[in-house]
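Okay, structure first, notes after.
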Amino acid sequence: MRPAVLALCLLLAACSGDAEPRAREAAPATPAPDYRCPNHEAVVTDASLRTGEPKSGDVDGDGDEEAVSLYYDPQGDLGCEAFVVAESSGGTLSGSLDTWRGEFGLPMPTLNMLAQIDGEPGEDVVVNMGAGASTQFVGILVADGGVLRQVTTELPGGAAPGMFGFGGSVGHVEAVDCTDGGVIVSTAVPDGDAYRVERTTYGFAGTELVRERREVERVRIEQIDRFPEYAASPFGSCG
């Protein structure tokens, strides 16, 4: 057989499937969630550690609702005591409340609401994290990389990162609400017959809030309701 004809026959044999097939390439493995707390997986899979009533909402943005619950491990290290878990037939998201500290005498965290805060698909989880004589504090968890992560930022006045105050008394009034895919933190302090209102707007950079602008205004006490966050706090204006 001539060399050219032999080469053609070999080519046709390969195209017809007679040649040995190549091994199929394995799909890349999905990386495991990056959990900060060593007790994370043990706690969120132990139904006996679930506390309070769950809330329903689409946390991961896939169009299906998850049941969102709180789990509490009294033996956990600092920042690894309280966890939020969002469960559905399609999977589970979970994360720790990093800035909650049981040793400080704070009350047990409870679910406040689900709200669209960061502008990304899916609802974010708002958790009651503490209360003083007149001010209450909430934290936010957002879905990020298969995990629920608590949002952090450096707040004015030395407040704990990721704990947003609302409410108050005659000495001050605080509020936190949504604004254009971000967060507005507002404080009003009496100043004679008026309030000195400081409003700071933050934008999301992943799970961190970055300060974008700060406004200070002096208004009469009866004008405080011109700022919508005081009527809607916490996060009542969110979509």
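Scope of the values below: all heavy atoms of this structure, side chains included, with no hydrogens, waters or symmetry mates.
- Using a 4.5 Å heavy-atom cutoff, the side chains of Phe137 and Trp100 are not in contact.
- Side chain of Asp77 to backbone of Cys80: no donor-acceptor contact under 3.5 angstrom is found.
- Taking every heavy atom of both residues into account, Ala205 and Val210 meet most closely at CB-CG2, 3.8 Å.
- Side-chain atoms of Val43 and Tyr72, non-hydrogen and from C-beta on, never get closer than 4.5 Å to each other.
- Surrounding CD of Glu53 are at most 12 heavy atoms belonging to other residues, nucleotides or ligands under 6.0 Å away.
- With hydrogens and angles ignored, the 3.5 Å screen pairs no side-chain donor or acceptor of Asp60 with any backbone N or O of Ala143.
- Between the Gln136 side chain and the Phe166 main chain, no donor and acceptor come within less than 3.5 Å of each other.
- Put simply, the side chain of Phe235 reaches to within 4.5 Å of the side chain of Ile117, judged on heavy atoms.
- If you chain together hydrophobic residues whose side chains sit under 4.5 Å apart, Val142 and Tyr202 fall into the same group.
- A distance of 7.0 Å separates OG of Ser186 from CZ of Phe227, quoted to the nearest 0.5 Å.
- Here Val147 is tied into one hydrophobic group with Tyr35, each link being a pair of ILVMFWY side chains closer than 4.5 Å.
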Where do Arg36 and Ser96 land on the side chain to side chain contact (heavy atoms under 4.5 Å, CB included) test, with the steps shown first?
CA-CA 8 Å; Arg36 187 186 66 83; Ser96 57; 4.0 Å; yes
Starting from the C-alpha separation in whole Å, work towards a yes-or-no answer on side chain to side chain contact (heavy atoms under 4.5 Å, CB included) for Glu217 and Gln223.
CA-CA 11 Å; Glu217 189 172 347; Gln223 293 180 310; over 6 Å; no
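- The pair Glu208-Arg149 does not count as a salt bridge, with every side-chain nitrogen at least 4.0 angstrom from each carboxylate oxygen.
- The hydrophobic cluster containing Val189 does not contain Ile224, counting ILVMFWY residues as joined when their side-chain heavy atoms lie under 4.5 angstrom apart, directly or transitively.
- For the atom pair OG1 of Thr200 and CD of Glu212, the computed distance is 11.0 Å after rounding to the nearest 0.5 Å.
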Could you walk me through whether Thr207 and Gln150 pass the side-chain hydrogen bond (donor to acceptor under 3.5 Å, both in side chains) test, one step at a time?
CA-CA 7 Å; Thr207 58; Gln150 188 179 350; over 6 Å; no
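- Contact annotation: the side chain of Glu87 never approaches that of Glu66 to less than 4.5 Å [non-hydrogen atoms, C-beta and beyond].
- In terms of hydrophobic clustering, with Ile, Leu, Val, Met, Phe, Trp and Tyr side chains grouped at heavy-atom distances under 4.5 Å, Val127 and Leu93 are assigned to a common cluster.
- A distance of 9.5 Å separates OG1 in Thr153 from CD1 in Ile140, rounded to the nearest 0.5 Å.
- Val126 and Leu209 fall within a single hydrophobic cluster, where Ile, Leu, Val, Met, Phe, Trp and Tyr side chains are chained together by heavy-atom contacts under 4.5 Å.
- Note that the CD atom of Glu120 and the CG atom of Asp144 stand 10.0 Å from one another [nearest 0.5 Å].
- In this structure, a donor-acceptor pair under 3.5 Å is present between the side chains of Tyr71 and Arg50.
- Two residues are said to be in side-chain contact when any heavy atoms from C-beta on lie closer than 4.5 Å; Leu70 and Leu97 meet this criterion.
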Show your reasoning for whether side chain to side chain contact (heavy atoms under 4.5 Å, CB included) applies to Glu215 and Glu198.
CA-CA 6 Å; Glu215 304 167 337; Glu198 180 176 322; over 6 Å; no
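- Contact of the Val84 side chain with the Val68 side chain is registered, since non-hydrogen atoms from C-beta on lie closer than 4.5 Å.
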Given the rule in the side chain to side chain contact (heavy atoms under 4.5 Å, CB included) test, do Val151 and Leu141 qualify, once you have shown the distances and angles that lead to the verdict?
CA-CA 6 Å; Val151 172; Leu141 291 98; over 6 Å; no
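- Taking 4.5 Å as the limit, some side-chain heavy atom of Val183 sits within range of a side-chain heavy atom of Val176.
- Across all non-hydrogen atoms, the minimal contact from Ser233 to Ala175 is OG-CA, 3.4 Å.
- Taking the charged nitrogens against the carboxylate oxygens, Arg199 and Glu229 do have a contact shorter than 4.0 Å, which makes a salt bridge.
- Atom OG1 of Thr45 is separated from atom NE2 of His40 by 9.5 Å, given to the nearest 0.5 angstrom.
- Considering CE of Met113 and SG of Cys238, their distance stands at 6.0 Å, rounded to 0.5 Å.
- The residue from Val125, Asn128, Thr51 that alone fulfils the side chain to side chain contact (heavy atoms under 4.5 Å, CB included) condition with Leu111 is Val125.
- Residues Leu114 and Phe83 do not share a hydrophobic cluster, defined by chaining ILVMFWY side chains whose heavy atoms lie under 4.5 Å apart.
- Residue pairs meeting the side chain to side chain donor-acceptor pair (under 3.5 Å) criterion with at least one member in residues 173-185, sequence neighbours excluded, are His172-Glu174, Asp177-Ser237.
- Between Val85 and the options Leu49, Leu148, Thr92, a side chain to side chain contact (heavy atoms under 4.5 Å, CB included) holds for only Thr92.
- For Arg218, the side-chain contact (heavy atoms from CB on, under 4.5 Å) partners two or more places apart in sequence, or in a different chain, are Asp191, Asp193, Ala194.
- Pro234 is not listed as a side-chain neighbour of Phe164, based on a closest heavy-atom distance of 4.5 Å or more.
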